[in-house]
Amino acid sequence: MKQEGNIPYKIYLEEQEMPVSWYNMRADMKVKPAPLLNPGTHKPMTFEELQGVFCDELIRQELDDTTAYIEIPQEIRSFYRMYRPSPLVRAYCLEEKLRTPAKIYYKFEGNNTSGSHKLNSAIAQAYYAKKQGLKGVTTETGAGQWGTALSMACAYLELDCKVYMVKVSYEQKPFRREVMRTYGASVTPSPSDTTEVGRRILAAHPGTTGSLGCAISEAVEAAAVNEGYRYVLGSVLNQVLLHQSVIGLESKAAMDKYGIVPDIIIGCAGGGSNLGGLIAPFMGEKLRGERDYRIIAVEPASCPSLTRGKFAYDFCDTGMICPLAKMYTLGSGFIPSPNHAGGLRFHGMSSTLSQLYHDGLMEARSVEQTAVFEAAEMFARVEGILPAPESAHAIRAAVDEAVKCRETGEEKTILFGLTGTGYFDMVAYEKFHNGEMSDHIPTDAELQAGFDGIPKFPGNEF
Ligand SMILES: *Cc1c(COP(=O)(O)O)cnc(C)c1O
């Protein structure tokens with residue numbers, strides 16, 4: 001059915017109520033996110049410089065701050081149709097459990113084998129690589145959701161896929177690894193001796209169990225030295241937020257259809273892609289002055305990039321070979337204490353979200369992991385879905401807001417992103433059930449060590 005009403009993108013909707021274009025928030029931002037810089041010259045990265053690492057079409061999307069709607073190629077839409085539109089659910093049972101007058105909705109992205117929203121961007125990135133005639137792609141994965149999503153997309157398009165998996169996850173999550181291999185990916189524990197940067201990191205830190213930043217360095221190097229390969233990244237970049245806008249566009253189309261307007265929109269934030277995608281069309285209205293929404297990013301207290309980080313140019317990877325991005329960062333050398341939300345352990349945050357936060361267009365809060373698992377368990381018991389620990393950060397904040405409504409009697413409408421399922425995170429749930437989970441909040445001194453590693457150059461004062 002075609003829509004009447006106030007959705008500005010109605011012409012972009014098909015019969016299936018799936019968007020036919022992604023929405024690029026940057027087009028409506030008055031203050032654009034700062035460009036990526038060449039780490040050597042501190043000048044903005046050019047298309048040509050990025051070509052060695054990324055696919056051409058994805059670079060165009062990365063650098064495009066002006067086109068609001070970018071058409072989703074038909075082949076990608078056909079793939080989306082296998083698992084989209086994803087469910088938008090009213091959490092009646094949770095509302096009742098909380099005895100809140102608030103109305104709570106969640107957009108569930110866990111209904112595909114990768115178990116998360118990451119497939120939305122994986123298929124797009126694999127598609128453009130294939131279209132360019134490349135042989136394959138390289139990437140890193142921490143908890144494993146991104147690597148799984150990319151493996152699925154590459155299997156579908158018959159592209160080779162090399163995944164560098166953070167060693168600690170490689171060892172602790174053998175099932176994730178085997179899912180990736182089922183889809184034909186080669187999976188290497190990182191740091192490894194297959195790359196120069198891996199060998200350098202191993203020599204400096206023998207016995208290290210790796211980090212996301214370190215795996216990124218290896219994947220980037222593998223793309224640079226292997227003919228016909230490019231590097232792809234599952235979060236942080238502008239292009240990834242663009243692809244993830246399907247989450248928000250579908251949510252908004254469904255809510256508009258029933259005349260529902262959210263007051264508060266909540267998402268967990270690792271590198272910022274699901275949140276950036278969920279809020280996209282709502283933030284667009286806010287940026288254009290059409291409507292106001294409260295938007296809340298939720299991050300772990302153990303890795304608090306927005307709430308305690310510096311807004312500065314920094315490396316995206318530990319090996320310091322990637323371009324510099326201006327973002328809220330804890331420093332590329334910051335290694336968060338072990339916590340169980342693998343997808344939220346990145347030291348920085350999307351430049352787009354960082355700029356929006358800096359300009360006061362969204363809020364951020366941090367939560368401790370035992371409180372997160374309490375919310376996860378409550379949600380699983382009343383709503384049936386076993387949430388990923390990452391997603392449970394958003395549940396925690398949604399529950400807290402709904403409880404506030406109980407106290408004030410306000411009938412707010414809350415929308416949150418339920419990014420995925422937690423079947424591969426049962427060790428974390430086990431720790432929680434056994435009372436063995438602790439909350440680590442880094443001290444200011446610990447954070448300072450990370451800040452000391454942020455590059456210093458004129459114009460990068462923080
Ligand atoms: C990767 C991941 C996240 C965090 O990544 P963003 O880019 O911040 O969205 C959140 N939830 C799940 C289930 C994930 O796999």
Side-chain angles (χ1 to χ4, degrees), residues 140-146 164-173 190-191 201 205 207-217 233-236 268-275 297-312 314-320 322 325 327-350 353-354 364-373 376 388-394 396 419 422 425 427-428 431-432 436-454:
E140 78 295 331
T141 198
Q145 288 98 321
W146 167 244
Y164 289 84
M165 186 170 187
V166 179
K167 191 180 273 166
V168 59
S169 303
Y170 182 89
E171 284 160 4
Q172 285 178 359
K173 298 192 170 181
S190 166
I201 293 169
H205 309 277
T208 176
T209 52
S211 71
L212 210 49
C214 179
I216 295 177
S217 306
L233 181 59
S235 184
V236 185
C268 62
S273 74
N274 86 84
L275 179 65
V298 191
E299 58 186 14
S302 57
C303 192
S305 49
L306 283 172
T307 50
R308 293 175 71 197
K310 303 286 183 201
F311 189 43
D314 194 12
F315 289 96
C316 295
D317 63 322
T318 317
M320 302 186 177
C322 287
M327 57 187 175
Y328 279 87
T329 178
L330 298 167
S332 64
F334 178 79
I335 308 233
S337 72
N339 73 58
H340 295 289
L344 306 181
R345 285 168 56 89
F346 187 60
H347 65 273
M349 182 59 62
S350 140
L353 290 191
S354 291
R365 69 175 65 157
S366 70
V367 288
E368 294 171 27
Q369 68 174 345
T370 46
V372 165
F373 276 81
E390 292 88 348
S391 321
H393 286 68
R396 176 75 264 166
T419 50
D425 299 284
V427 171
K431 287 227 160 69
F432 174 67
E436 293 161 0
M437 186 172 273
S438 57
D439 294 311
H440 181 79
I441 303 176
T443 62
D444 287 343
E446 282 169 320
L447 290 185
Q448 190 56 47
F451 298 148
D452 290 343
I454 298 175

Please list, chain by chain and in numerical order, all residues satisfying side-chain hydrogen bond (donor to acceptor under 3.5 Å, both in side chains) with [X], sequence neighbours excluded.
X      : answer
Ser235 : none
Thr370 : Asp439
Ser190 : Glu218

Between [atom1] of [X] and [atom2] of [Y], what distance do you get to the nearest 0.5 Å?
X      : Y      : atom1 : atom2 : value
Asp317 : Leu212 : CG    : CG    : 10.5 Å
Leu344 : Ser391 : CG    : OG    : 8.5 Å
Gln145 : Glu390 : CD    : CD    : 5.0 Å
Glu446 : Leu330 : CD    : CG    : 11.5 Å
Trp146 : Leu233 : CH2   : CG    : 7.5 Å
Lys310 : Ser354 : NZ    : OG    : 14.5 Å

| query | Under the ring-ring contact (aromatic ring centres under 6.0 Å, His included) test, which residues partner Tyr328, sequence neighbours left out? | reply | Phe311, Tyr357
What pair of heavy atoms forms the shortest contact from [X] to [Y], and how long is it?
X      : Y      : result
Gly331 : Ile454 : CA-CG1, 3.9 Å
Ser302 : Phe334 : O-CZ, 3.6 Å
Gly272 : Leu353 : O-CD1, 3.3 Å
Ala376 : Ala392 : CB-CB, 3.6 Å
Asn274 : Cys268 : ND2-O, 3.0 Å
Leu275 : Ala269 : CD2-CB, 4.4 Å

Sub-4.5 Å side-chain heavy-atom contact between [X] and [Y]:
X      : Y      : answer
Pro300 : His393 : yes
Ser305 : Glu299 : yes
Val298 : Arg396 : no
Pro191 : Thr208 : yes
Lys173 : Asp425 : yes
Cys316 : Phe346 : yes

Would a distance-only check, ignoring hydrogens and angles, find a side-chain to backbone donor-acceptor pair under 3.5 Å from [X] to [Y]?
X      : Y      : result
Ser169 : Gly142 : yes
His347 : Phe315 : yes
Asp314 : Met327 : no

| salt bridge (Lys or Arg N to Asp or Glu O under 4.0 Å) involving Arg345 - partner list, sequence neighbours excluded | none
| message | Suppose we screen for salt bridge (Lys or Arg N to Asp or Glu O under 4.0 Å). Which residues come up paired with Asp444, at least two apart in sequence or across chains? | response | Arg308
| field | Verdict with reasoning, Glu140 to Val166, per side-chain contact (heavy atoms from CB on, under 4.5 Å) | value | CA-CA 8 Å; Glu140 78 295 331; Val166 179; over 6 Å; no
| task | Start with the C-alpha distance between Tyr164 and Ser217, add both sets of side-chain angles, then the distance that settles side-chain contact (heavy atoms from CB on, under 4.5 Å), and finish with yes or no. | result | CA-CA 10 Å; Tyr164 289 84; Ser217 306; over 6 Å; no
